[in-house]
Amino acid sequence: MIEQGYLIYANNSNKCNYTRQAYALSLSIKLFNKDAHVTLVTENELCDRIRAGFDNVIVPHKVPVSQSVLNSEQRCHAYNISPYLKTIVMDADVLVTENLDSWWTYLANYMVYYVSDARTYRNEKSDAVTYRKTFIENNLPNLYNAFHYFEKSDEASRFYRLQQMIVENWETFYTKYTPKKKQKWCSMDVSAAIASKILDNYESITDSDSFVNVVHLKPQQQGWKHNYVNSSGAVTLHFSDNNFFIGNFKQHGIIHYVEDQFLTDELVNNLEKANETVLKV
Amino acid sequence: MTKGVVLFANNNEQVDYIKQAIFCTQQIKKHLDLPVSLVTNSSDHLYKQYSTYVELFDKIISIPKVNSGQRKSFRDGVGPVKKLEWNNLNRSDVYDLTPYDETLVMDTDYIVANNQLLNCFKVNNDFMIWKEATYLNPHGKVWEIKYVSDTSMEMYWATVFYFKKCEKMKTYFNTVQHVRDNWAYYRWIYQIASKNYRNDFAFTIAIWIMNGFEENKEWPAKLPGTHYYIYDRDQIIDFNDNKFTFLVTVPQDQKKSTATTVKDLNVHVMNKLGLQTVIESKGI
C-alpha cells in the first residue's frame, strides 16, 4: 500500500467531460506537489493524453444504474478502493493552486476530515445559505465532499461503512434525517453529513476555522449584488506564471469551480505546458 | 525631511475649486499647521479673484489647462443634476509635483476639523490611505461603496492619502499613471461601469497590482482616524465652530431627510455645490 495519494472519481456524462476535469486537477496537483501519486477511478476509456496525467487508473465494479446524477454509488466506495494509507479525495471539478505539504501535515491529526469552510474567490467567508437549505433546516453538519481526507483506520472504516449504507438506502435515511427541504437525489455531501450526525463526530472530523478550506464558486455565495445565474458569466478563471486567478484575485488552496465553462482549453494547455517545465527542471 | 499638504484645484464651469482650496487650506492651517501647496490649472483665477489669499499657500504649482474630455454628474442634494467637466487626471502626477519629502494629499472638499492626520508624520510608513469609510447618512446603506465593482476588490479612497518619497512610491505612482493612461483597458478588466476615470479606482487597482493581485494587510497602511463622508445627494447646511450640519437624504423617499450634526470630525463633503455655498457665506 502506498503511503499517501490523491483519489479522483470521474465518469463522463452527456453533459460534461469529467475525465478532462480530473486530468486538469491531476496536472494542478502535480505542478505544485511533484511527488504526488494520483489515482483516477473511472468507467471511461481514456485517450493517451488524459491517461498520462495519472499514476494509476482503477476501473470500478459496475453498479446498478440509479436515479443518482452524482455518481454516489461509486464514490461511497472510496475508502475501500483507495490504494493509499492516507487519501485525499477531491471532486473532479477542483483545482489545486499550491503545495499541499502543510495540508498533509495538518490532516495527519485526523482519521477522517471534511472541509466545512467555504470561501469566495475574494477569500471572504462564504454565505452558503442558498445552497445549504437542507443542512440548515435539518441541523446537519456543514460538510463539503469536494475535499475530504481519510487514513485507513477503524474510525475511518466505521464512518465510511455507515456512509455507504446511507447511500445505498438514501431515500430511507433522507426521509428520517432530512424531513425538511429533503433532496430528491442522493448527494455525497448530505450522506456524509448524516453519517457524521449519527456518529456525533462533527468536532473530530472538521474545523470550520482551519486554513484547510475551499473556494466554492457557486454564484449566490460570492457576495455579489447582481444575481448572476452562472459565476462564469461574472468572472474568469485563468492560469498564468503558475498562479491561478479568478476575477483578478490570486487564488490559494483549493478551487471548486463547479461550472465546466471555467475550464477552458487554454487553461488546460497552459497547465500541460507548466507541467512539462516542472518535469524538465 | 520636508512635510506639507498638496491640493489639486481645476475649475470647471460651475465649481470653483480654488475657492474650496482656500477654505480647505484655512482649515489645514488651523488644525495641522502644515504648509500647503496648490496644484492648479486655474492660477489666473486665483491671482485675479483671490489675490489676498495667495499668501496662504506655500507654493502655487501651475499646470497646463487640458480638456479632460470627461463630464460628471454634480448634485446639490435632491436638486437637478448638472453635467460638468471632471478634470481629475493629474492627481497621479503628485510624486513629481510635490515639493515635500512627506506629503499629505487631499481633495479640496475634504474639510479638516481636528489634528488626527498629523499622526501620519509620527509613524514610519511610506504610504497611508483609507479603505474603510463611514457614510454619515444612517439611511444610506444602498449608496455606500465598498467594491470597485460588483466582482472586484474593496476600494481605497484617494480623497486623502499620505506618502513618503522613495523608490517604492515612485513605482506606485508610475503604476497609477499607467492605469490612468490605459483606462479603457482597466475599466474592462475590472468591470467598471462608468466611463469616467476615477482616482479611487485607479489608486486601488495600482495597489492591487503592487500587492500581486491579493489582499495585503501590511501595505498600504491605514491613515489615522476614520474616513467620514457625505454624498452629493445629501446637503450641507452649515459649518460653524467646527460643527457640520447636514441634511442626509433617505434613499427610499428622497423628499425626506434627516438633520445630522457632527463636531470636530474631518469630513469629505462630496456635495461640492452645497459646500461652495457654505464657503461663500464665510465671505470667501
Side-chain angles (χ1 to χ4, degrees), chain A residues 32 95-99 117 119-127 130 211 213-255 257-259 261-262 264 266-267 270, chain B residues 131-133 135 137 139-157 172 175-176 178-180 182-194 197-198 200-220 231 233 251-252:
Chain A
F32 300 106
L95 289 164
V96 169
T97 71
E98 64 186 36
N99 180 276
D117 179 14
R119 299 255 153 184
T120 72
Y121 68 103
R122 296 191 273 216
N123 196 27
E124 296 161 329
K125 277 254 184 197
S126 177
D127 173 15
T130 312
F211 67 92
N213 53 45
V214 61
V215 173
H216 206 304
L217 266 184
K218 282 193 174 171
Q220 287 184 34
Q221 58 191 70
Q222 302 309 316
W224 294 325
K225 286 183 181 169
H226 184 77
N227 191 15
Y228 291 99
V229 177
N230 298 309
S231 292
S232 52
V235 288
T236 55
L237 166 64
H238 68 276
F239 175 73
S240 171
D241 288 337
N242 287 0
N243 290 304
F244 285 94
F245 298 89
I246 301 175
N248 294 306
F249 282 70
K250 187 179 171 187
Q251 299 299 304
H252 297 279
I254 303 294
I255 305 168
Y257 55 84
V258 184
E259 296 163 24
Q261 292 91 325
F262 277 118
T264 60
E266 185 187 5
L267 195 153
N270 286 340
Chain B
K131 185 164 66 177
E132 288 81 21
Y135 183 26
N137 183 347
H139 317 293
K141 193 84 184 157
V142 295
W143 288 335
E144 278 181 346
I145 299 173
K146 187 176 179 193
Y147 297 103
V148 167
S149 64
D150 199 15
T151 57
S152 63
M153 58 284 189
E154 287 183 69
M155 187 187 86
Y156 286 87
W157 291 79
Y172 172 72
T175 309
V176 181
H178 164 79
V179 173
R180 176 196 65 190
N182 297 278
W183 183 238
Y185 172 77
Y186 282 97
R187 243 194 83 210
W188 178 67
I189 288 289
Y190 288 91
Q191 303 184 9
I192 295 164
S194 170
Y197 169 81
R198 181 168 172 174
D200 299 319
F201 294 168
F203 275 57
T204 303
I205 291 168
I207 289 168
W208 198 243
I209 293 169
M210 294 277 287
N211 281 330
F213 302 95
E214 59 186 325
E215 177 80 19
N216 179 350
K217 295 200 185 321
E218 307 292 321
W219 191 90
Y231 270 134
R233 292 170 187 268
Q252 293 75 14

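Chain letters run A, B, ... following the sequence lines, proteins first, then strands; residues in each count from 1. From a predicted model like this one, the values you see are computed outputs, not experimental measurements.
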Query raised in the report: Would B:I145 and B:D200 satisfy side-chain contact (heavy atoms from CB on, under 4.5 Å), going step by step from the backbone distance to the final call?
Result: CA-CA 11 Å; B:I145 299 173; B:D200 299 319; over 6 Å; no
Query raised in the report: Which pair of non-hydrogen atoms, one from B:Y172 and one from B:A206, has the smallest distance, and what is that distance?
Result: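 B:Y172 and B:A206 have their closest heavy atoms at CE1-CB, 3.5 Å.
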Requested in this report: Considering non-hydrogen atoms only, spot the tightest contact between A:L217 and A:I255 and give its length.
Outcome: CD1-CG2, 4.4 Å
Query raised in the report: Given the options A:A234, A:G223, A:G247, which has more heavy-atom pairs under 4.5 Å with chain B than any of the others?
Result: A:A234
Between chain A and chain B, which donor-acceptor atom pairs come closer than 3.5 Å, counting both backbone and side-chain atoms?
{"from": "B:Y147", "atom 1": "OH", "to": "A:E124", "atom 2": "OE2", "distance (Å)": "2.7"}
{"from": "B:D150", "atom 1": "O", "to": "A:R122", "atom 2": "NH1", "distance (Å)": "3.0"}
{"from": "B:D150", "atom 1": "O", "to": "A:R122", "atom 2": "NH2", "distance (Å)": "3.3"}
{"from": "B:D150", "atom 1": "OD1", "to": "A:K225", "atom 2": "N", "distance (Å)": "2.7"}
{"from": "B:D150", "atom 1": "OD2", "to": "A:K225", "atom 2": "N", "distance (Å)": "3.2"}
{"from": "B:D150", "atom 1": "OD2", "to": "A:H226", "atom 2": "N", "distance (Å)": "2.9"}
{"from": "B:T151", "atom 1": "O", "to": "A:Y121", "atom 2": "OH", "distance (Å)": "2.4"}
{"from": "B:S152", "atom 1": "O", "to": "A:R122", "atom 2": "NH1", "distance (Å)": "2.6"}
{"from": "B:I189", "atom 1": "O", "to": "A:N248", "atom 2": "ND2", "distance (Å)": "3.3"}
{"from": "B:Q191", "atom 1": "NE2", "to": "A:A234", "atom 2": "O", "distance (Å)": "2.6"}
{"from": "B:W208", "atom 1": "NE1", "to": "A:N248", "atom 2": "O", "distance (Å)": "2.6"}
{"from": "B:F213", "atom 1": "O", "to": "A:K250", "atom 2": "N", "distance (Å)": "2.8"}
{"from": "B:E214", "atom 1": "OE1", "to": "A:H252", "atom 2": "NE2", "distance (Å)": "2.5"}

Query raised in the report: Could you state the interatomic distance from CE (B:M153) to CD1 (B:I207), rounded to the nearest 0.5 Å?
Result: 9.0 Å
Report summary line: Interatomic distance, CD1@B:I192 vs CZ@B:R198, rounded to 0.5 Å, equals 9.5 Å
**Report entry** B:I189 versus chain A, the contacting section by heavy-atom distance below 4.5 Å
**Finding:** both
Query raised in the report: Sequence neighbours excluded, which residues qualify as ring-ring contact (aromatic ring centres under 6.0 Å, His included) partners of B:Y231?
Result: B:Y135, B:Y229
